[in-house]
Amino acid sequence: MKKWIRNGTVVTASDTYQADILIEGEKVVAIGSNLDGKDAEVIDATGYYVFPGGIDPHTHLDMPFGGTVTSDNFYTGTKAAAFGGTTSIIDFCLTNKGEPLHSSISTWHEKARGKAVIDYGFHLMVSDANDQVLEELGAVVRNEGITSLKVFMAYKNVLMADDETLFKTLVRAKELGALVQVHAENGDVLDYLIKQALAKGQTDPVYHAYTRPPEAEGEATGRAIALTALADAQLYVVHVSCAEAVRRIAEAREKGWNVYGETCPQYLVLDITDLQKPGFEGAKYVWSPPLREKWNQDVLWSALKNGILQTIGSDHCSFNFSGQKELGLEDFTKIPNGGPIIEDRMRLLFSEGVAKDKISLNQFVNMTSTKVAKLFGMFPQKGTIAVGSDADIVLFDPMVKRTISVETHHMNVDYNPFEGIVVNGDIISVLSRGSFVIRDQQFVGQAGAGRFVKRSTFTRP
């Protein structure tokens, strides 16, 4: 059935204009005025911005970690994402040393099958770069459509890879056209600092931040960049949280190196004082890298505005406070790392960024959708509103206000780290490939409607 979105203000990464949009099946077939909307369902977008659907490049759904499993699976997580204006996610597929990469990929496909309500793709973790893994990566990139690889430089003895593994992955990625991502913290230094803190009886949640200093993030970011330059490869630094890491990325980009950076809403609006809340409340804010001193927020906003950082991911990794975060009551190292962010990613960026004149409306679209699609091989199928593109579309009312709360969110978790924050603007309706998932702020989607997106290899945007 045709759909005719009328009277809205279309916003892309480059343009803002009044136009109607005609959708047929899963695709946008016309944009303009005086369209032939005969027999089409009319969707009135008067007073609304019409955005391309958000793409969240950084999620962890149904993921085992710290002796438990994230509380959002591919149904609850993608449903919450849709309520937040996101129509595609890229989730992280963890691997196990000694096992074929394809077995892990199959596991993640099974996690998503029949559950996802929006489209999704996978990043693939690389923890070992032996000859078998490096050979298998060829089939993963060329045949599976998984064209981004993740290397952890932290979580020693759990997820962390050494520099040789990172460098070999970068070299192979250059050959295959894959984008390498790094969690950039110096795992060896963190391991030492954590042991020192525990030996002194420093077990409260705030020591999660004190033992993961910004210098360790900056050092690891710089080291990953240096190895990328040596391999003549391409690098994407996830969840940048501090000035030290921003400076290293800025220097690399000034030199013309193929380096990109992502930050997250939590680093733009929350700070280390949240970890210092009385009792065990600070555990709600334990994720890695940790929250930083508030002044870092200005650095991050400036980096977004000036193009030093390109994207906004959620790093959604939800654990209930009761029964999961509480695993670390006597030891901050046992608090599962992560927070529920997926639903509020776009609201927060619009309210704190666009509404407060820190970034432009077009930059907002670029950071939450278009640049993600370009970096991760989804453009122009996704990431824009254009004839021939998927009809992933968000109707957004910039005039309403919403109070973020656990009482009204749709994530499968018992708290919200942004509790009580009032945001300007809200998502009204969301279409995924031409079908409503959210209509007038009500869920009308279907489990299993989301499809796996095979992505193309990396091209420099």
Side-chain angles (χ1 to χ4, degrees), residues 56 58-84 86 89 91-94 107-108 111-112 115-118 120 155 158-159 183 203-209 212 239 264-267 269-291 313-345 347-348 402-421 443 447:
D56 191 337
H58 192 156
T59 69
H60 300 281
L61 303 179
D62 197 2
M63 186 190 81
F65 185 82
T68 186
V69 179
T70 54
S71 57
D72 275 304
N73 61 23
F74 273 83
Y75 175 68
T76 64
T78 57
K79 179 180 176 181
F83 270 105
T86 293
I89 64 166
D91 201 74
F92 283 94
C93 172
L94 301 187
T107 296
W108 249 255
K111 289 175 183 286
K115 295 186 180 71
V117 306
I118 57 174
Y120 59 94
Y155 301 114
V158 181
L159 300 174
H183 174 133
T203 60
D204 291 341
V206 71
Y207 287 98
H208 174 75
R212 304 180 87 99
H239 51 41
C264 309
Q266 51 271 40
Y267 302 117
V269 293
L270 304 176
D271 62 69
I272 195 171
T273 60
D274 290 294
L275 280 160
Q276 297 167 342
K277 289 184 176 180
F280 194 60
E281 282 294 298
K284 294 177 178 178
Y285 305 91
V286 167
W287 44 68
S288 299
L291 294 173
S314 68
D315 194 10
H316 180 83
C317 191
S318 58
F319 297 99
N320 283 305
F321 182 68
S322 178
Q324 290 189 300
K325 290 286 188 179
E326 288 176 340
L327 292 170
L329 274 168
E330 305 297 330
D331 180 349
F332 73 88
T333 68
K334 296 179 181 177
I335 301 171
N337 280 212
I341 317 289
I342 201 168
E343 188 167 352
D344 298 308
R345 178 182 73 113
R347 286 190 188 95
L348 284 164
R402 178 189 181 96
T403 301
I404 296 175
S405 175
V406 65
E407 299 298 326
T408 53
H409 78 203
H410 302 86
M411 298 174 285
N412 185 38
V413 64
D414 62 4
Y415 78 100
N416 192 304
F418 308 107
E419 186 73 33
I421 292 179
F443 178 69

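- Remark: the backbone N or O of T333 is paired with a side-chain donor or acceptor of D331 at under 3.5 angstrom.
- Between the side chain of E419 and the backbone N or O of V406 there is at least one donor-acceptor pair closer than 3.5 Å.
- Partner H409 forms a side-chain contact (heavy atoms from CB on, under 4.5 Å) with one of N416, I342, I404 and no other, that one being N416.
- A cation-pi arrangement, defined by a distance under 6.0 Å to the six-membered ring centre and an angle within 45 degrees of its axis, is absent between R345 and F418.
- No side-chain heavy atom of Y75 sits less than 4.5 Å from a side-chain heavy atom of N412.
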With side-chain contact (heavy atoms from CB on, under 4.5 Å) as the criterion, how do E330 and T203 come out once you've worked through the C-alpha distance, each side chain's angles and the decisive distance to 0.1 Å? CA-CA 6 Å; E330 305 297 330; T203 60; 5.7 Å; no
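- Distance check, rounded to the nearest 0.5 Å: CD1 of I341 to CG of L270 gives 7.5 Å.
- Taking 4.5 Å as the limit, every side-chain heavy atom of L61 sits out of range of all side-chain heavy atoms of Y120.
- Distance check, rounded to the nearest 0.5 Å: NE2 of H316 to OG1 of T78 gives 10.0 Å.
- One distance of note links NZ of K284 with CD1 of I335; it measures 12.5 Å at 0.5 Å rounding.
- Checking side-chain atoms of Q324 against main-chain N and O of V69 turns up a donor-acceptor pair under 3.5 Å.
- Here the straight-line distance linking atom OG1 of T59 with atom CG of D315 works out to 9.0 Å at 0.5 Å rounding.
- Judged by distance alone, with hydrogens and angles left aside, the side-chain atoms of K334 form no donor-acceptor pair with the main-chain N or O of G67 at under 3.5 Å.
- The backbone N or O of S314 sits less than 3.5 Å from a side-chain atom of Q266, completing a donor-acceptor pair.
- Here the side chains of P205 and K277 are not in contact, with every heavy-atom distance at 4.5 Å or above.
- Ring orientation note: the planes of F83 and H410 are close to parallel, at an angle under 30° on the 30°/60° scale.
- Side-chain atoms of D274 come within 3.5 Å of backbone atoms of D271 as a donor-acceptor pair (strictly under, hydrogens ignored).
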Is there a side-chain contact (heavy atoms from CB on, under 4.5 Å) between L329 and F280? Walk through the geometry before answering. CA-CA 7 Å; L329 274 168; F280 194 60; 3.6 Å; yes
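- A donor-acceptor pair is defined here as one N or O able to donate and one able to accept, closer than 3.5 Å; such a pair exists between the side chain of T70 and the backbone of M63.
- L275 contributes atom CG, which lies 11.0 Å from atom CG of D204 (distance to the nearest 0.5 angstrom).
- A side-chain donor-acceptor contact under 3.5 Å links S318 to the backbone of D72.
- The line from CH2 of W287 to SG of C317 is 11.0 Å long, rounded to the nearest 0.5 Å.
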Let's go through T86 and D56 carefully: what are the C-alpha distance in whole Å and the side-chain angles of both, what is the deciding distance for side-chain hydrogen bond (donor to acceptor under 3.5 Å, both in side chains) to 0.1 Å, and is it a yes or a no? CA-CA 7 Å; T86 293; D56 191 337; 5.2 Å; no
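- For the residue pair W108 and D91, a side-chain donor N or O sits within less than 3.5 Å of a side-chain acceptor on the partner.
- Geometrically, K111 does not engage F74 in a cation-pi contact defined by less than 6.0 Å to the ring centre and at most 45° from the axis.
- Ring orientation note: the planes of F321 and Y415 are nearly perpendicular, at an angle over 60° on the 30°/60° scale.
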Hey, mind stepping through L327 and F319 against side-chain contact (heavy atoms from CB on, under 4.5 Å) and telling me if it holds? CA-CA 11 Å; L327 292 170; F319 297 99; over 6 Å; no
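- Under the ring-ring contact (aromatic ring centres under 6.0 Å, His included) criterion, H58 pairs with H60, F92, H239, not counting sequence neighbours.
- Of the possible polar contacts, one joining the D414 side chain to the S322 backbone as a donor-acceptor pair under 3.5 Å is found.
- When atom types are taken as modelled, the side chain of E326 and the backbone of G323 share a donor-acceptor pair closer than 3.5 angstrom.
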